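A quick write-up on the structure given underneath.
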Amino acid sequence: MNHKRIFLSPPHLAADTAETVCEAIASNYVAYPGPQLTQFEQMVKDYTGAAHAASMSSGTAALHLALIALGVGAGDIVLTSDLTFIGSVNPITYCEATPVLIDSEPRTWNMDPVLLREAVEKCVRRGQKPKAVLLVHLYGLPADMDPILEICREYDIPLIEDATEALGTFYKGRHVGNDGILGAYSFNGNKMITTGGGGMLVSPDKALIDSSVHLATQARDPAPYYLHTKRGYNYRMSNILAGVGVSQMRVLEDRVQARRKIYSYYAERLGAIKGVEMMPDCKDFARPTFWLSCLRLDKSYGLGKPEAIRQALEAENIETRRIWKPMHTQPLFAETEMYGGAFGEELFDYGLCLPSGSAMSEEDLDRVCTALEKQL
Ligand SMILES: *Cc1c(COP(=O)(O)O)cnc(C)c1O
């Protein structure tokens, strides 16, 4: 095959990456802390409007610390999104807490507020008030925050936002990740921007960020020797990686615009095909990034069609992926309590994620669409 491979969402580094990394090296602050870390955190705060931020070794680590910050422990219930990547839910199990899974809704592909209320009421009625809600903003689409916040306020349940796929997404003018008491971003290689691996914890509450930083650095107490009263972790990002992050933050808005254009291209060309529906654009209330552009096929195509398309495109050296397999269908969570489930299952059965890398050319997009059109 002589066609170059089109990846799903490869890293897209900025032209000045080597310079900002060299600045980190020249400073000799190559580990933690360092000037690039401070700069990177400030840039994320400025862009998202977060009041406080701390970079971490991964988005998963940031979510783990968020749960610890809220005191989530063994036996506690955490209400969480069912349709997501395992990285949202694993941290709940690190705390030995019990996830209770909530299905998505068609309007946002994210947590259904009606099912959330049902779950909260049921848990409260049986004397198990949930310790937290941990929701995801999937594929750069925002969850419908207002009704969810209302439920959380009414029952006084703290909210954590997994915004690892949604840096750059705004809901009613507010950047996602800031409505909850804690939020997490990710800089893994396939995300909106990358540091080659990393994450960030944000919060309006300085004390929560300070205590999380303490835990992320092995929980060293202030003393002239090594003194520990709490169990800590080694979860901080290195200053060299923050150097990559600084150059990435400078181009973040360009990357958002590129992915939004990719979505528009797909929507225009594929959305017109009968039986093909693009993911919602949420344009009445949000500015999604469309981290990954996804489509959904009509059931009349038959089960197995998305997998057949995936394989056909793979044969043309084009990478696509199935939609996340819902958590309640994972062997790991076979026994887990679930509210709804049919919508997520249908997206898994009939959905497909298309190549969405911000460096894609119009020629690449044409190649993907031409290959898809042959299958539809
Ligand atoms: C990527 C991702 C994570 C984890 O982020 P890492 O930085 O890879 O640890 C968590 N949740 C979701 C939904 C993700 O897509």
Side-chain angles (χ1 to χ4, degrees), residues 7-11 40-41 44 53-68 78-95 99 101-104 108-111 132-143 159-169 176-177 180 182-202 212 216 233-238 241-242 244-245 248-249 255 259 279 288-294 321-328 330 332-333 344 347-348 351 353 356-357:
F7 289 98
L8 189 77
S9 181
F40 182 42
E41 286 164 0
V44 172
S55 39
M56 296 294 165
S57 54
S58 70
T60 309
L63 288 169
H64 186 196
L65 290 171
L67 291 161
I68 295 171
V78 177
L79 304 177
T80 195
S81 303
D82 177 55
L83 184 68
T84 186
F85 173 57
I86 191 78
S88 298
V89 192
N90 272 338
I92 299 172
T93 67
Y94 301 166
C95 298
L101 303 167
I102 317 283
D103 199 1
S104 287
T108 61
W109 284 22
N110 281 304
M111 185 179 277
V133 172
L134 195 176
L135 64 73
V136 72
H137 301 287
L138 205 69
Y139 298 128
L141 298 178
L159 175 70
I160 300 170
E161 293 180 67
D162 176 347
T164 50
E165 299 184 0
L167 190 63
T169 294
V176 295
L182 289 148
Y185 303 119
S186 168
F187 312 107
N188 191 24
N190 60 351
K191 298 289 160 76
M192 287 302 297
I193 58 168
T194 183
T195 56
M200 199 169 293
L201 184 65
V202 294
S212 298
Y233 303 84
N234 181 3
Y235 273 174
R236 285 294 280 187
M237 180 187 279
S238 85
L241 295 188
V244 181
Q248 286 277 278
M249 278 309 293
R255 302 300 189 246
R259 294 205 192 228
M279 72 207 296
T289 58
F290 308 111
W291 168 57
L292 296 184
S293 283
C294 307
R321 291 267 175 91
R322 304 282 294 280
I323 300 283
W324 299 124
K325 183 167 165 55
M327 290 300 122
H328 78 277
Q330 301 287 352
L332 180 61
F333 297 117
L347 283 186
F348 173 68
C353 307
S356 305

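All heavy atoms count here, side chains included; hydrogens, waters and symmetry mates do not. Indexing begins at 1, ligand by ligand and atom by atom, following the structure's order. The shown structure was predicted, so the numbers you read here are calculated from the model rather than taken from an experiment.
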Top protein contact for atom 5 (O) of ligand 1, by heavy-atom distance: Ser186 OG, 3.4 Å
Taking the side chain from Asn188 and the backbone from Gly59, do they hold a donor-acceptor pair closer than 3.5 Å? no
Which of the ligand 1 atoms, numbered from 1, are nearer than 4.0 Å to a heavy atom of Asn188: 8 (O)
Over 12 foreign heavy atoms within 6.0 Å of CZ, Arg322: yes
Of all the atoms in ligand 1, which lie at a distance below 4.0 Å from a heavy atom belonging to Thr84? 13 (C)
Which residues pass the side chain to side chain donor-acceptor pair (under 3.5 Å) test with Thr80, not counting sequence neighbours? none
Element-labelled atoms of ligand 1 that are located less than 4.0 Å from some non-hydrogen atom of Val136: 13 (C)
Taking Asp82 for its side chain and Leu101 for its backbone only, find out whether a donor-acceptor pair lies under 3.5 Å. no
So is Gly198 in contact with ligand 1, going by heavy-atom distances below 4.0 Å? yes
Less than 4.0 Å between a side-chain N and a carboxylate O, is that true for Arg236 and Glu41? yes
Asn190 backbone acceptor or donor facing Trp291 side chain under 3.5 Å: yes
Could you verify whether a donor N or O on one side chain and an acceptor N or O on the other, from Thr289 and Arg255, lie under 3.5 Å apart? no
If we only count N/O pairs under 3.5 Å, is Gly59 in contact with ligand 1? yes
Looking at ligand 1, would Ser88 count as a contact under a 4.0 Å heavy-atom criterion? yes
Out of Met56, Lys191, Met200, His137, who is nearest to atom 1 (C) of ligand 1 when you count heavy atoms only? Lys191
For ligand 1, which atoms sit closer than 4.0 Å to a heavy atom of Ser58? 7 (O), 9 (O)
How far is atom 12 (C) of ligand 1 from its nearest protein heavy atom, and which residue and atom name does that atom have? Thr164 OG1, 3.0 Å
Among non-hydrogen protein atoms, atom 15 (O) of ligand 1 lies closest to Glu165 OE2, 2.5 Å
Tell me, with the steps shown, if Phe187 and Phe40 meet ring-ring contact (aromatic ring centres under 6.0 Å, His included). CA-CA 12 Å; Phe187 312 107; Phe40 182 42; 5.0 Å; yes
Can you say whether the rings of His64 and Tyr233 are parallel (under 30°), tilted (30 to 60°) or perpendicular (over 60°)? perpendicular
In the protein, what heavy atom is nearest to atom 11 (N) of ligand 1, and what distance, to one decimal place, separates them? Asp162 OD2, 2.8 Å
Residue part near ligand 1, for Thr60, under 4.0 Å between non-hydrogen atoms: both
May I ask you to list the atoms of ligand 1 that are less than 4.0 angstrom from any heavy atom of Gly87? 10 (C), 11 (N)
